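Below is one structure; the comments refer to it alone.
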Amino acid sequence: MISFVSTRGNSEPVSLGTAVLQGLAPDGGLYVPTQIPPLLPRRAHVEGDVDAFAKLAEQMLSPWMSGWLSSLQVEQLVRRVFTFPVPLVPLGADGGLHMLELFHGPTLSFKDFGARLLGGLLGLLQQESDQETVVLVATSGDTGSAVADGCSGIDGVRVVILYPEGGVSPTQELQLTLRRSGVTPVCVRGSFDDCQRLVKGAFTGQVPSHIRLTTANSINVGRLLAQTIYYVHAARTMRHRAASTPDPVFCVPSGNLGNLTAGMMAFRAGMAANGFIAAHNANDFFPSWLSDEGARFAPSVKTLSNAMDVGAPSNFERLENLFDRTELKRLVRGVRVSDRETIEEMRETWEETGYMPDPHTAVALRATRGRSDGAPPVIVLATAHPAKFPETVKKATGAAPDTPERLATLASAAHYAEQIDADQEELTRLLSA
Ligand SMILES: *Cc1c(COP(=O)(O)O)cnc(C)c1O
């Protein structure tokens, strides 16, 4: 059985289930696995097939779950969780650039992968417990709706989502406040930082004894496991299409560095890749760190790619624990991209190829510019559907994104949110209810 230890080294090793339920280790560190199980040789990989993805997921997740779940339970879990396609779309004719579209899940961002697996795992864990679990999460963007969707309707699990009043886009707010069973969206009269402070306060303060508190932010290692799968899926799909191309480079639009950490874990497990690009917006701690520019955690700066507005990436601690500095510098190139360049990239990509990236994906696309002939192909992680950001897309390209059915019907569905001041006692009252 693989166990998990804290990055800060002062907590007991725990099982996957405990790591998922606790979220953060008791010493304040993040859980890291004591080993990363090597990939098995690839089975025939069928293009674009939901079933093939689920099979790969089953193969990759089984070693993590062994000693806890039976193989039948793992199979049922992945079939419930990974229900949507994960296409790899070539961009342009030269075969050098490919978009890995991770936004075909229920809430149209890659956060659905982690949130849905987390929901599945919590459901299984809850069967072994009679205590109520409360998933508390602060959101400024896509995490909230993915977690609300992925963790709703589970017996014994309540989801409480804090979001800042006026601090999320209109589409995001509609997604967040959709009435779902077992989910309480809470509009906080304050900023995103206030929301995060309230979450931290809840974890360090008194929690009513009948509930168990956990978090669904990307500090939860359960989310990362789901994200390792699509990297391997993409690498194998490319190999399947063209056996003789060099191994790909993955370009990851990054904020909290959870996605990049998952990719690096897949690499450690044996995935064939020629390295990674960490594409950041003006919140550029990690690119600065990679190039020895005296990087420091800083308050976040608002940008067009709001889900990447992270001044102090929490997964950096995990990345630094799993990989040493030399290895990180050898494998990862950091790039920073401004809002002006993001808009320019959205327009140019649209004009050159007819592909419409969302602002986060555009940051990554920009970071791949200037590739030389004969360089390894690049797989860009397309992390959100452009229809989640219609205002920015329209401004950049002059065209409106196609609206998927799921978003189109959203406005007419039932919505609901609690309102509180940015006050710890108000949150405690709400959690105790
Ligand atoms: C969360 C998010 C990111 C950043 O991912 P991290 O794992 O935090 O680095 C990028 N793009 C979108 C659309 C997101 O929602």
Side-chain angles (χ1 to χ4, degrees), residues 30 99-118 137-150 163 168-169 171-172 175-176 192 196 215-228 230-231 250-266 276-287 289 300 303-319 332 334-337 342 346 356-367 380-389 392-393 401:
L30 278 71
M99 309 302 291
L100 179 63
E101 293 188 344
L102 303 173
F103 53 68
H104 296 287
T107 69
L108 307 175
S109 89
F110 82 99
K111 300 248 172 25
D112 282 326
F113 287 87
R116 286 174 70 80
L117 182 64
L118 199 61
V137 60
T139 186
S140 63
D142 300 316
T143 301
S145 55
V147 171
D149 191 89
Y163 70 95
V168 299
S169 81
T171 309
Q172 284 172 331
Q175 286 188 302
L176 272 175
F192 175 61
Q196 282 202 304
T215 172
N217 284 105
S218 60
I219 54 174
N220 196 311
V221 76
R223 273 180 50 175
L224 294 192
L225 297 188
Q227 296 175 234
T228 60
Y230 48 69
Y231 283 93
F250 285 92
C251 185
V252 188
S254 293
N256 239 330
L257 293 170
N259 214 358
L260 183 74
T261 304
M264 298 278 291
M265 283 169 66
F276 297 83
I277 302 171
H280 288 255
N281 60 28
N283 297 278
D284 62 353
F285 162 80
F286 193 52
W289 183 84
S300 61
T303 74
L304 293 172
S305 42
N306 66 350
M308 290 153 53
D309 293 350
V310 183
S314 52
N315 272 284
F316 178 65
E317 184 169 335
R318 189 179 264 139
L319 209 50
V332 188
V335 179
R336 60 172 77 78
V337 174
T342 305
M346 291 171 81
M356 192 179 265
D358 93 286
H360 304 79
T361 307
V363 168
L365 274 167
R366 190 61 171 196
V380 171
L381 272 56
T383 47
H385 195 292
K388 288 191 96 164
F389 307 92
T392 311
V393 169

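Predicted model only: the values in this text are computed from it and were never measured. Read the numbers this way: they start at 1 and go in the same order the structure lists the ligands and their atoms.
- The main-chain N or O of Ala138 is never found under 3.5 Å from a side-chain atom of Gln196 such that the two would form a donor-acceptor pair.
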Check your understanding: Please walk me through it: do Lys388 and Asp142 pass salt bridge (charged side-chain N to carboxylate O under 4.0 Å, His left out)?
Key -> CA-CA 9 Å; Lys388 288 191 96 164; Asp142 300 316; 2.8 Å; yes

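- Each of Thr143, Asp149, Asn259, Val147 was checked for a side-chain contact (heavy atoms from CB on, under 4.5 Å) with Lys111, and the lone residue meeting it is Thr143.
- Taking distance alone, with nitrogen or oxygen atoms compared against 3.5 Å, Asp142 approaches ligand 1 more closely than that limit.
- Looking only at protein heavy atoms, the nearest one to atom 1 (C) of ligand 1 is Lys111 NZ, 1.4 Å.
- Taking every heavy atom of His360 and a limit of under 4.0 angstrom, the matching atoms of ligand 1 come to 11 (N), 12 (C), 13 (C).
- What sits closest to atom 12 (C) of ligand 1 on the protein, heavy atoms only, is Thr383 OG1, 3.4 Å.
- Screening Ser254, Pro253, Pro357 for a side-chain contact (heavy atoms from CB on, under 4.5 Å) with Thr383, the sole residue that qualifies is Pro253.
- Judged by the shortest distance from any of its heavy atoms, Phe110 lies inside the 4.0 Å radius around the atoms of ligand 1.
- If you number the atoms of ligand 1 from 1 as listed, the ones under 4.0 Å from a heavy atom of Gly258 come out as 6 (P), 7 (O), 9 (O).
- Here's the thing with Leu257: one of its N/O atoms is less than 3.5 angstrom from an N/O atom of ligand 1.
- No donor-acceptor distance shorter than 3.5 angstrom exists from the side chain of Asn256 to the backbone of Gly258, with no hydrogens or angles considered.
- Close approach of ligand 1 to Met308 (heavy-atom distance below 4.0 Å) involves ligand atoms 3 (C), 4 (C), 10 (C).
- Asn256 N, 2.8 Å is the protein heavy atom nearest to atom 8 (O) of ligand 1.
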Review point. How far apart are the C-alpha atoms of Ser305 and Asn281, what are their side-chain angles, what is the distance that settles it, and do they pass the side-chain hydrogen bond (donor to acceptor under 3.5 Å, both in side chains) test?
Key: CA-CA 7 Å; Ser305 42; Asn281 60 28; 3.0 Å; yes

Practice item. Let me see the working for Asn315 and Arg318 under side-chain hydrogen bond (donor to acceptor under 3.5 Å, both in side chains), right down to the final yes or no. Key: CA-CA 5 Å; Asn315 272 284; Arg318 189 179 264 139; 2.7 Å; yes

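- None of Val363, Asn283, Thr303 except one satisfies the side-chain contact (heavy atoms from CB on, under 4.5 Å) rule with Met308; the exception is Val363.
- The nearest non-hydrogen atom to atom 10 (C) of ligand 1, considering only Pro253, Ala384, Ala382, Pro359, comes from Pro253.
- Both the backbone and the side chain of Asn259 come within 4.0 Å of ligand 1, judged by heavy-atom distances.
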